[in-house]
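Presented below is the structure to which this report refers.
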Amino acid sequence: MKRVLYKCIGAVLCLSLLAGCSSGSIYSNYRETEQLMVVQTMGFDESPKGFSVSVSTGGEEKITRMAAEAESITLAEQKMQDYSAAEEIFYAHTSYIAIGESAARSGLSHYMDFIGRSTQMRMDTPLFVVTGGNASELVLGSGNEEYDATDVLKSLERNISRRGDLQIFTAGEVAAQLDRNGSALICAVRCVQAKDSLYGSQEELTAVPDGYAVIKDRKMIGRISYHDALAVGIIQNKAGPCRLTVSSDEGNAALQLDDCICRLEPVYENGELRGLSVDVKLRTALLERGDAVNLDAVAATLKKDIGLRLENVLKLSKLTGCDFLQLCSRLQVKQPFSSGEIQGEFQELLPHIYYIINVSAEIDRSFDADREENA
């Protein structure tokens, strides 16, 4: 009898819930899309008041942009909310986060902590440092009503992926690297006028890749130029496919870097790490060349050029004592139980380590071009 009674009560409860669902949502915080200002690009800067926050929507007929300064990021967000025509500013769909160079050099801790603690922000959001300016410049544009920061960064992301010579890291990846060894890289971008592009106008603003911001102890301490940024991917075996132009006295040649292998070998002296051998093998394909350009000269110039890029990046790591290349992790995986185990903190050893750099290059798809010349 009790079992039957319980079943009847359960049926009544189910009918009540269904009736409630038919008249409205079960979520108390439900909002119609039209009531939301959906942020897709967000910028952080420092300001005399403390912090500056700028936001922009994207993918709409009319782009909405806002900015506010306050003693904290939370207060700046609240100030924007107070002046917003939308019922609620919604951050859960933020696709890109930019931080101004000045703010990055002062310290990233506050911004990274805010992103990690916020219930709406996501750690898998791509992170950028805006070099030579503020993030607000990138987010808000230069007065053009049709300017869409989200579109600009989406196009930049596609181009970087297509070019294969740079990497974009998420906020979560940057945080993980900072926790692991106290250093990290963040993709750097620079705002430029699009007037020099094929279809650009004087008023249009765009963003171009500007290498990497080097982060140590949660502060930007330097930058790797866009030209040298390829060396980071080569050392980490993540470069390519990408195109390279090799210039010599005989003319220019265009190559495609199809594959690269970088092997790191520790050099021990008296059981202590003293040096690092960096052996790089490049496999490239010939795309285009001048009539007078010799393939042997192309290969020699390529090896010299890549060697200089590697030297510049490794020298920066050594001078700053900053393992942004994750060399320590590579060595520990390679020889975890070696008798010549790394002694002391690797960061402290970096300034005293010497590098032996060796680059070899193979050019495929040449179709015996040199042989045809000599026939």
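When reading the values below, keep in mind they use all heavy atoms of this one structure, side chains included, and skip hydrogens, waters and symmetry mates. It should be emphasised that the depicted structure is a prediction, and the values quoted were computed from it without experimental measurement. The chain is numbered in sequence order, starting from 1.
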Drop me the distance from [X]'s [atom1] to [Y]'s [atom2], to the nearest 0.5 angstrom.
X: I224; Y: C187; atom1: CD1; atom2: SG; result: 11.5 Å
X: Y354; Y: R274; atom1: OH; atom2: CZ; result: 9.0 Å
X: E362; Y: R283; atom1: CD; atom2: CZ; result: 7.0 Å
X: Q256; Y: T284; atom1: CD; atom2: OG1; result: 9.5 Å
X: S277; Y: I356; atom1: OG; atom2: CD1; result: 5.5 Å
X: L156; Y: I168; atom1: CG; atom2: CD1; result: 6.0 Å

For [Y], is there an ion pair with [X] - N to carboxylate O distance below 4.0 angstrom?
X: K219; Y: D217; value: no
X: K79; Y: E77; value: no
X: K315; Y: D228; value: no

[X] side chain to [Y] backbone, donor-acceptor under 3.5 Å:
X: R330; Y: I235; answer: yes
X: Q40; Y: S95; answer: no
X: K281; Y: C262; answer: no
X: Q120; Y: Y91; answer: yes
X: R309; Y: H227; answer: yes
X: S317; Y: C322; answer: yes
X: N134; Y: E137; answer: no
X: T94; Y: Y96; answer: no
X: S161; Y: R158; answer: no
X: T57; Y: T64; answer: yes

Can you name the residues that form a salt bridge (charged side-chain N to carboxylate O under 4.0 Å, His left out) with R180, not counting sequence neighbours?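 Per chain and number, R180 pairs via salt bridge (charged side-chain N to carboxylate O under 4.0 Å, His left out) with no residue.
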Shortest non-hydrogen contact from [X] to [Y]?
X: K216; Y: G321; result: NZ-O, 3.5 Å
X: R223; Y: Y226; result: NH1-N, 4.2 Å
X: S56; Y: I63; result: OG-CG2, 3.6 Å
X: A239; Y: L257; result: CB-CD2, 4.3 Å
X: A76; Y: A68; result: O-CB, 3.5 Å
X: A229; Y: G211; result: CB-CA, 4.2 Å

Using only heavy-atom distances, determine whether the side chains of [X] and [Y] contain a donor-acceptor pair under 3.5 Å.
X: N252; Y: T245; value: no
X: S102; Y: E46; value: yes
X: S183; Y: D323; value: no
X: N270; Y: E272; value: no

Taking everything shown except R122 itself, do over 12 heavy atoms lie less than 6.0 Å from its CZ?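 Atom CZ in R122 is crowded, with more than 12 foreign heavy atoms closer than 6.0 Å.
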Go through the steps to decide whether R243 and R163 satisfy the test side chain to side chain contact (heavy atoms under 4.5 Å, CB included), and finish with yes or no. CA-CA 7 Å; R243 296 185 177 185; R163 293 172 69 100; over 6 Å; no
Check: [Y] and [X] side chains under 4.5 Å, non-hydrogen atoms:
X: I99; Y: L127; value: yes
X: L244; Y: D165; value: no
X: L205; Y: Q193; value: yes
X: V313; Y: F324; value: yes
X: L185; Y: I215; value: no
X: Y212; Y: Q167; value: yes
X: P351; Y: L319; value: no
X: V267; Y: L276; value: no

Side chain to side chain contact (heavy atoms under 4.5 Å, CB included) between T131 and V189, worked out: CA-CA 6 Å; T131 55; V189 298; over 6 Å; no
How about F51 and H110: are their ring centroids closer than 6.0 Å?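 Under 6.0 Å, so yes.
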In one Ile/Leu/Val/Met/Phe/Trp/Tyr side-chain cluster, 4.5 Å: [X], [Y]:
X: Y111; Y: L140; answer: no
X: V192; Y: V139; answer: no
X: L282; Y: I363; answer: yes
X: L308; Y: L316; answer: no
X: L75; Y: I73; answer: no

Show, in sequence, the C-alpha distance, side-chain angles and deciding distance for M220 and E101, and conclude whether the side chain to side chain contact (heavy atoms under 4.5 Å, CB included) test is met. CA-CA 8 Å; M220 179 179 173; E101 180 174 351; 3.9 Å; yes
Scan residues 146-155 for pairs that pass side chain to side chain donor-acceptor pair (under 3.5 Å), counting only residues two or more places apart or in two chains.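 Listed once each, the pairs are T41-T150.
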Report the C-alpha separation of D279 and V359 in whole Å, then their side-chain angles, then the decisive distance to 0.1 Å, and conclude whether the side chain to side chain contact (heavy atoms under 4.5 Å, CB included) test is met. CA-CA 6 Å; D279 184 51; V359 180; over 6 Å; no
Ring geometry between F44 and F114 (parallel below 30°, tilted from 30 to 60°, perpendicular above 60°):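 Geometry flag for F44 against F114: perpendicular rings.
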